[in-house]
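Notes to accompany the following structure.
Computed from a predicted model, the values in this text were never measured in an experiment.
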Amino acid sequence: MKRFPLATVATLFFLTLSTSLFAFQQVRRDTLAAADTLQTILEMNVEDLLEQSTQDVEDSELVDRLQRLQEDPMDLNDASIEDLQLIPGVMPIVARNIVEARERFGEFKYVSDLLAVDGIDERLFALLKRFVQVSQSVPTKLAVHYRSRAARDLEERQGFRDGSYVGSPWKSYNRILGKYGSSASAGILTEKDAGENKVNDFTSGFLTIKTRGPLTKLILGDYLVELGQGLTVWRSLGFSKGLEVIQPAKKSARGITPNVSSDENNFYRGGAAVVTLALFEATLFYSNRKVDASVDSLGRVTNIYGIGYHRTQSELRRRFATRERSAGGRLQYSLGKVLRLGSTYFTTKFNNPFVEKRLYDFSGKESHVASIDFDFLWDRMNIFGEWARSQTGAVGGITGVFVRFARGVDFVVSFRNYPRDFISLHGFAFGERNGTTRNEAGLYMGLRMRVARGVVLSGYYDQFKFPWQTATIPFPIQGSDFLLAAELRPFQKFNIEFKYKSEVKGDAVSTTDEFGRTVAPLTDRTQRNGRLTAALDITRDLRVRGRLELVKVQYSEFASCGKGILLYQDIRWEPSPRLTLDARLIFFDTDSYDTRIYEFESELRGTLFNPALYGRGRRWYLMARYAVFEGLEVSAKYSEIYHDDLKKVGSGADEINGNVENRFGAQVDIRF
């Protein structure tokens with residue numbers, strides 16, 4: 001592996017050390033105790049939850065949901081246990097304690113009253129205060145949010161040079177959301193990817209009505225469904241294994257919720273409703289929409305095309321190639337704050353039959369799955385799970401136990417078993433392989449301890465196996481995943497995170513044997529990552545953060561190993577209450593794509609960017625947000641990446657001549 005020039009590494013570390021020493025002296029003299037590292041803690045917590053989302057999502061519903069919750073915080077005096085669990089870091093026992101404190105001592109008068117609730121320490125309170133409020137009696141009013149975003153690569157790709165892309169290189173996004181108090185909301189969005197020829201290549205909209213009668217909620221248009229633990233139906237993205245070791249093990253379902261994302265594949269189009277009668281709640285939904293797919297000459301679906309690109313003639317031929325009709329329902333019984341039982345049924349029918357590519361793959365036109373789920377909360381223990389049966393007769397499920405042993409000590413263990421012939425087309429349960437709720441069994445254990453003021457230790461161990469061949473490996477394999485992390489806050493505005501992760505998993509690697517034949521023997525692939533991150537709030541308006549990450553990959557059948565290193569330094573400066581500037585400089589050097597390192601970035605609001613960096617190069621970006629006046633914010637980001645070891649970037653229609661990728665994006669947010 002090539003190495004960074006010594007002068008570059010020395011300069012960056014000298015800059016980081018000098019800045020840290022200066023910051024330490026400033027912090028010691030700083031009397032603004034109220035200026036806590038709230039934004040830093042929030043961002044690092046969100047990154048902990050989302051860093052395993054190793055895909056570039058221009059419009060992330062997960063990120064946007066958290067940002068909208070910051071803009072319109074949850075009312076502490078109205079939120080239920082289920083509502084509170086949607087906030088990052090809030091586990092069931094803490095959510096129950098908040099509700100019980102409200103019932104026992106009366107409504108909260110101030111958000112700071114949460115500090116008296118069992119289970120809420122300073123770190124959790126720093127997160128909670130961004131997402132909750134104590135609402136005052138105000139008249140119901142209309143609130144509208146309009147967002148417009150445009151972005152493009154500045155280097156021309158091959159598809160635009162040879163005309164294979166039918167549209168312009170600009171990517172555009174427009175969305176308007178309206179809310180009338182808590183009783184009604186509506187929205188519509190349009191989106192165009194680079195290379196597409198219609199500004200409304202994708203269009204989505206919804207209308208939501210809430211009442212205090214039996215019909216609790218009604219959604220018409222596009223919506224998402226999250227039920228149980230994701231065995232039968234869940235949207236395609238969710239929190240996964242990472243530095244946040246407790247919360248991802250248990251899903252917090254939102255039921256039916258309007259779709260405000262430009263994800264072109266994972267939503268439903270039709271109608272959904274929730275009806276509540278005494279201790280029972282019924283959820284019903286129906287969807288009828290066209291789906292992108294590859295269809296052969298016999299009219300059979302060979303593949304669902306979920307990316308949503310319609311740039312070339314071949315991609316346009318896949319557009320709306322089949323139709324999917326879905327319907328389902330759920331009946332839930334709740335016994336106070338102690339027990340919740342649910343039963344779900346979900347069925348899907350396509351116009352065209354699916355081809356069975358491998359044994360146990362979905363084939364035919366119809367699929368259905370039924371499940372039961374439970375959530376039992378007692379004292380310091382929470383037992384949860386969901387078990388389902390698909391049309392193949394296979395039964396799969398997950399069961400977990402969360403325990404708060406003492407103040408600041410949380411433990412979760414969960415067992416999952418998704419048989420090889422378990423078919424749940426829209427399931428997304430917890431597991432090693434995100435988005436594939438089948439052919440997997442595993443045991444997960446996570447522990448988080450607050451060992452002292454400002455010191456949190458956490459870790460998990462996950463043992464798993466795939467009892468049948470996967471899409472990429474033609475053998476059954478098994479593996480294990482281990483993570484150990486420490487978060488330290490030596491003083492109020494200085495945060496340090498250490499992470500060590502080791503994963504061993506079976507893999508098939510192509511090689512040449514002694515007779516010159518290409519073979520792919522089964523071997524164990526071991527990947528180890530070590531990371532150090534430090535963040536300092538120098539003043540109320542200035543924050544610096546640096547990271548060093550190392551990776552090593554080795555195969556049991558081969559003596560050689562691959563290595564990689566990533567180093568970055570970033571800075572956030574708020575020269576005025578209206579202006580925020582973010583900048584980051586990244587150096588990376590890895591032996592190959594196999595030793596890639598992901599780097600979670602600040603982005604325009606509502607978007608998520610977690611690029612894989614590999615080879616040798618450097619990347620930098622600059623982002624600015626400016627509040628022109630109350631209700632109007634403009635933001636922009638420019639990024640550039642240099643590949644020192646490449647003459648061309650990408651392949652096919654996405655190829656760029658040269659070793660530079662640069663991108664510009666701008667966004668306008670208007671609220672009134």
Side-chain angles (χ1 to χ4, degrees), residues 8-48 63 66-67 70-71 122-123 125-127 129-130 454 487-498 531-549 566-587 599-605 607 609 618-630 633-640 665 667 669:
T8 300
V9 178
T11 300
L12 280 172
F13 273 109
F14 177 77
L15 176 62
T16 303
L17 179 60
S18 300
T19 305
S20 301
L21 291 173
F22 171 76
F24 180 75
Q25 296 299 323
Q26 292 295 318
V27 170
R28 288 179 66 89
R29 294 193 297 265
D30 194 350
T31 58
L32 298 175
D36 201 354
T37 53
L38 298 181
Q39 188 63 25
T40 299
I41 293 174
L42 175 64
E43 289 179 355
M44 295 179 79
N45 187 269
V46 171
E47 180 176 347
D48 293 347
V63 172
L66 296 177
Q67 290 175 348
Q70 288 185 73
E71 296 164 4
E122 294 176 351
R123 182 182 186 276
F125 177 70
L127 288 166
K129 65 190 297 185
R130 303 302 293 250
E487 180 183 337
L488 311 176
R489 296 184 65 195
F491 49 89
Q492 191 178 33
K493 301 181 182 181
F494 186 29
N495 198 85
I496 305 175
E497 279 188 357
F498 300 93
R531 175 192 294 178
L532 168 64
T533 306
L536 310 304
D537 284 3
I538 298 176
T539 67
R540 184 190 293 267
D541 307 322
L542 185 62
R543 184 209 71 182
V544 295
R545 179 166 58 174
R547 171 173 294 175
L548 172 65
E549 183 159 359
L566 178 143
L567 179 68
Y568 77 58
Q569 179 76 49
D570 70 16
I571 183 171
R572 166 168 293 175
W573 183 36
E574 298 182 17
S576 75
R578 293 186 177 185
L579 178 63
T580 301
L581 300 174
D582 282 284
R584 178 178 292 179
L585 176 62
I586 310 111
F587 290 87
E599 175 252 340
F600 193 97
E601 292 186 0
S602 297
E603 261 295 332
L604 301 176
R605 295 191 188 277
T607 62
F609 194 47
R618 57 199 181 276
R619 174 179 172 83
W620 69 273
Y621 68 80
L622 176 65
M623 185 171 67
R625 295 192 184 100
Y626 182 66
V628 181
F629 51 78
E630 186 177 359
E633 180 186 86
V634 294
S635 55
K637 180 179 179 180
Y638 175 80
S639 63
E640 218 168 64
Q667 182 168 297
D669 285 275

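- Here L542 contributes atom CG and W573 contributes atom CH2; the two are 8.5 Å apart, rounded to the nearest 0.5 Å.
- For the atom pair D582 CG and Y621 OH, the distance stands at 6.0 Å (nearest 0.5 Å).
- Note that CD of E549 and CG of L567 are 11.0 Å apart. Values are rounded to the nearest 0.5 Å.
- Because its NZ or CZ atom is not both nearer than 6.0 Å to the ring centre of Y568 and within 45° of the ring axis, R547 does not count as a cation-pi partner of that residue.
- With rounding to the nearest 0.5 angstrom, the CD1 atom of I496 is 5.5 Å from the CZ atom of F498.
- Side chains of L622 and K637 form no contact here, defined as non-hydrogen atoms less than 4.5 Å apart.
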*Apply side chain to side chain contact (heavy atoms under 4.5 Å, CB included) to the pair V544 and Q569, showing each step before the final yes or no.*
CA-CA 7 Å; V544 295; Q569 179 76 49; 3.9 Å; yes
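- To the nearest 0.5 angstrom, L579 atom CG is 11.5 Å from S635 atom OG.
- Side chains of T580 and R572 form a contact here, defined as non-hydrogen atoms less than 4.5 Å apart.
- Ion pairing between a basic and an acidic side chain is recognised when a charged N comes within 4.0 Å of a carboxylate O; R531 and E497 show no such pairing.
- Taking the side chain to side chain donor-acceptor pair (under 3.5 Å) definition, one finds that W620 meets it with E640, sequence neighbours left out.
- Residues passing the side-chain contact (heavy atoms from CB on, under 4.5 Å) test with E633 are R605, R625, D669, sequence neighbours excluded.
- Taking R578 as the reference, nothing meets the salt bridge (charged side-chain N to carboxylate O under 4.0 Å, His left out) condition, with sequence neighbours excluded.
- Taking the side chain as every heavy atom from C-beta outward, N495 and L536 never approach each other to under 4.5 Å.
- Ionic pairing of D570 and R584 is present here: one or more N-O contacts between side-chain nitrogen and carboxylate oxygen are shorter than 4.0 angstrom.
- When every heavy atom of G665 is checked against every heavy atom of L604, the shortest pair comes out as C-CD1, 4.0 Å.
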_As a quick check of understanding, evaluate side chain to side chain contact (heavy atoms under 4.5 Å, CB included) for V634 and V628, giving each step before the final call._
CA-CA 7 Å; V634 294; V628 181; 4.2 Å; yes
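- Between L566 and L548, every side-chain heavy-atom pair lies at or beyond the 4.5 Å cut-off.
- Salt bridge status for R619 with E601: present, with a side-chain N to carboxylate O gap under 4.0 Å.
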